[in-house]
Every structure is written in C-alpha cells, then in structure tokens.
Amino acid sequence: MILRREFYARPTLDVARDLIGKVVVHDGAAGRTSGVIVETEAYIGEGDPACHAAPGPTPRNEPLYGPPGYAYVYFNYGMHHLFNAVTEPAGSPAAVLIRALAPLDGLDVMRRRRVRGTGRRAGDLDEAAVCRGPGNLTRALAIGASQNRTDLTHGPLVIEDRGFDLGQIAWSPRIGIRVGTDRAWRVYVPGHPAVSGPPALRR
DNA sequence: CGTTCGATGCACT
DNA sequence: GTGCATCGAACGT
C-alpha cells in the first residue's frame, strides 16, 4: 500500500520514526529496485541549523516549503544525490532524509550500479552494503536530480507500507553534519547490518 | 578498531 | 572563494 499524503503531513519526528520498515520502490527502465528503510534523519525548519531551510527560502530548498509527500533530492559533495521525503504542511519547511535500506527487489541491478565506474566487482559487495548510506542508496536505486520534486504518492518513485515490523528502534544525533549535532533526530534499527555510520552508532 | 584525505560540482556569501 | 546532510582507500593503533 502506497503511503498517502496524510502520512507525510505530520510532525517530522513522527514521520522519521514511522518510515522505519517502510519500502522505497523505484520502477525504471532497468526494472524495479527497492529496499526496506532501516535508518532516517529529520531536518526541521529554519531554526534547525543543519536544515537546508536555515538560510530561508532559496531556489534549491524550495521543495521543503511545498506540500508534503514530495521528493527533495539534492546533489552534495560533487558526487552524491541525497533523497528526502518532504513533511509537514506546506509552508513548514521540513523533510526526512533516507539514510539506509535493506535491499529487496533488483539486488543484481543495484549491485552493478554501485560498482559502475569503480574498479570493484559487483560480487565483492555485501548485500547489506548495497544501500548502506544516503549516497549509496540513491546510486543503487538510480535516484537523481530528475526525481527532485516528484510526487511520492504515485509512481514511479513511491514509499510503500508492506507490513514489515523491524522491531525495536533507537535515536541518536544526526551523522555527517557540523551544526545541529545537539538534536537526536536520527532513527535506526539497532544492530541491523544495513545501517550506516560508525559501529558505535549502529548499536 | 580509529583517523585522515582526495575526489568532485554547485549553491550561496 | 568556501563549505558541504558522502564515500572508500590508505594508513596508524
């Protein structure tokens, strides 16, 4: 069942928590690729120094100010696309960053995309590492700039509820930011092999 | 296990 | 020109 817009039109911390166990599905020319969400982070409002809305509205962050249930995809570090789901009613700039997935459909396709351009071989890549990390999962699912601003409530890129229950969750400070580290707005499945970050933050 | 560092493009000051 | 919501290789412990 595809998540409805009402799912996203809620407090961002609730959405970040409830997205754990949901499934990101991307149907493309190479077929279906998908994975179960095991790690997310919340970015909330102009008062959150780590949120892209912190400087106020700009051309890049405009999707954050729009209606919930849309994708916010941006390019970072000159080589990675990062995938967010916009949350809260229009006018409240906030989103949930998808940080890691447990692979479901299209594992071979995702493996090949992950090693393309590198000297590594697809067979050397552990299944749990295929969608571990926000830059890795967008490469595996072929999520890029053309998915920015797309509607997540109908294909080809959607998030579904398939009834998975991953058990206990844990909260920690967000990873990879230099400001706003005081907020424990990262959610993850403790001990899951597909969760990213240093070992201490995976338990 | 940990830290450091280069790759690489663009939004923003 | 500066600074990234990153990744993986290389190296030290």
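- Atom-to-atom, CG of A:L82 to P of B:dG9 comes out at 17 Å; the value is rounded to the nearest Å.
- No cation-pi contact links A:R60 to A:F75, judged by a cut-off of 6.0 Å to the six-membered ring centre and 45° from its axis.
- At the heavy-atom level, A:N136 lies under 4.0 Å from the strands shown only through sugar-phosphate atoms.
- In terms of modelled atom types and a separation under 3.5 Å, the side chain of A:R114 and the main chain of A:A129 share a donor-acceptor contact.
- There is no path of hydrophobic side-chain contacts, each under 4.5 Å, that joins A:L201 to A:L166.
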Practice task
Dot-bracket for DNA chain B, please, read 5' to 3', with Watson-Crick or G-U wobble pairs under 3.5 Å on both distances, ( ) within the strand, [ ] crossing, | other strand, . unpaired.
Solution key: |||||||.||||.

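- Protein atom OH of A:Y74 is 17 Å distant from nucleotide atom P of B:dG9, rounded to whole Å.
- Distance from the side chain of A:P199 is smallest for B:dC1 among the nucleotides B:dC10, C:dG8, B:dC1.
- Here the C1' atom of nucleotide C:dA5 and the CZ atom of A:R174 are 8 Å apart, to the nearest Å.
- A heavy-atom distance below 4.5 Å is not found between the side chains of A:Y72 and A:Q147.
- For A:Y74 and A:H52, the distance between ring centers is under 6.0 angstrom.
- Residue A:R139 is out of contact with every strand shown, counting any heavy-atom pair closer than 4.0 Å.
- One can place OH of A:Y77 at 12 Å from C1' of B:dT8, the figure rounded to the nearest angstrom.
- One atom, CG of A:L137, and another, P of C:dT6, lie 12 Å apart when rounded to the nearest Å.
- By the 4.5 Å heavy-atom criterion applied to side chains, A:R4 and A:T153 are not counted as neighbours.
- Annotation: side chain of A:F83 is in contact with side chain of A:L157 (closest heavy-atom distance under 4.5 Å).
- By the 4.5 Å heavy-atom criterion applied to side chains, A:D161 and A:F7 are not counted as neighbours.
- Spacing between atom CG of A:D124 and atom P of C:dC7 amounts to 19 Å, rounded to whole angstrom units.
- Note: CZ (A:R114) to P (C:dT6) measures 15 Å, nearest angstrom.
- Aromatic stacking of A:Y43 on C:dA5: satisfied, with centres closer than 5.5 Å and planes within an angle under 30 degrees.
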Dump the pairs, protein N or O against N or O of nucleotides 9-13 of chain C, anything under 3.5 Å, distances to one decimal.
residue: C:dA9; atom: OP1; partner: A:R120; partner atom: NE; Å: 3.4

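- Using a 4.5 Å cut-off between side-chain heavy atoms of Ile, Leu, Val, Met, Phe, Trp and Tyr, with links allowed through other members, A:Y65 and A:V15 fall into different hydrophobic clusters.
- Minimum atom distance to the side chain of A:F75 is reached by B:dG9, of the listed C:dA5, C:dT6, B:dG9.
- The stretch residues 44-73 of chain A touches DNA chain C through A:A50, A:H52, each having a heavy atom under 4.0 angstrom from the strand.
- In this structure a side-chain-to-backbone donor-acceptor pair under 3.5 Å is present from A:T40 to A:A16.
- In this structure the side chain of A:L82 never reaches within 4.5 angstrom of the side chain of A:V73, judged on heavy atoms.
- Considering OG of A:S34 and CG of A:L101, their distance stands at 8.5 Å, rounded to 0.5 Å.
- At a threshold of 4.0 angstrom between heavy atoms, the contacts of A:I177 are confined to the sugar-phosphate backbone, with no base atom among them.
- A:G135 comes within 4.0 angstrom of the backbone, heavy atoms only, and of no base.
- Using a 4.0 Å cut-off, some side-chain N or O of A:R99 falls inside it from OP1 or OP2 of C:dT6.
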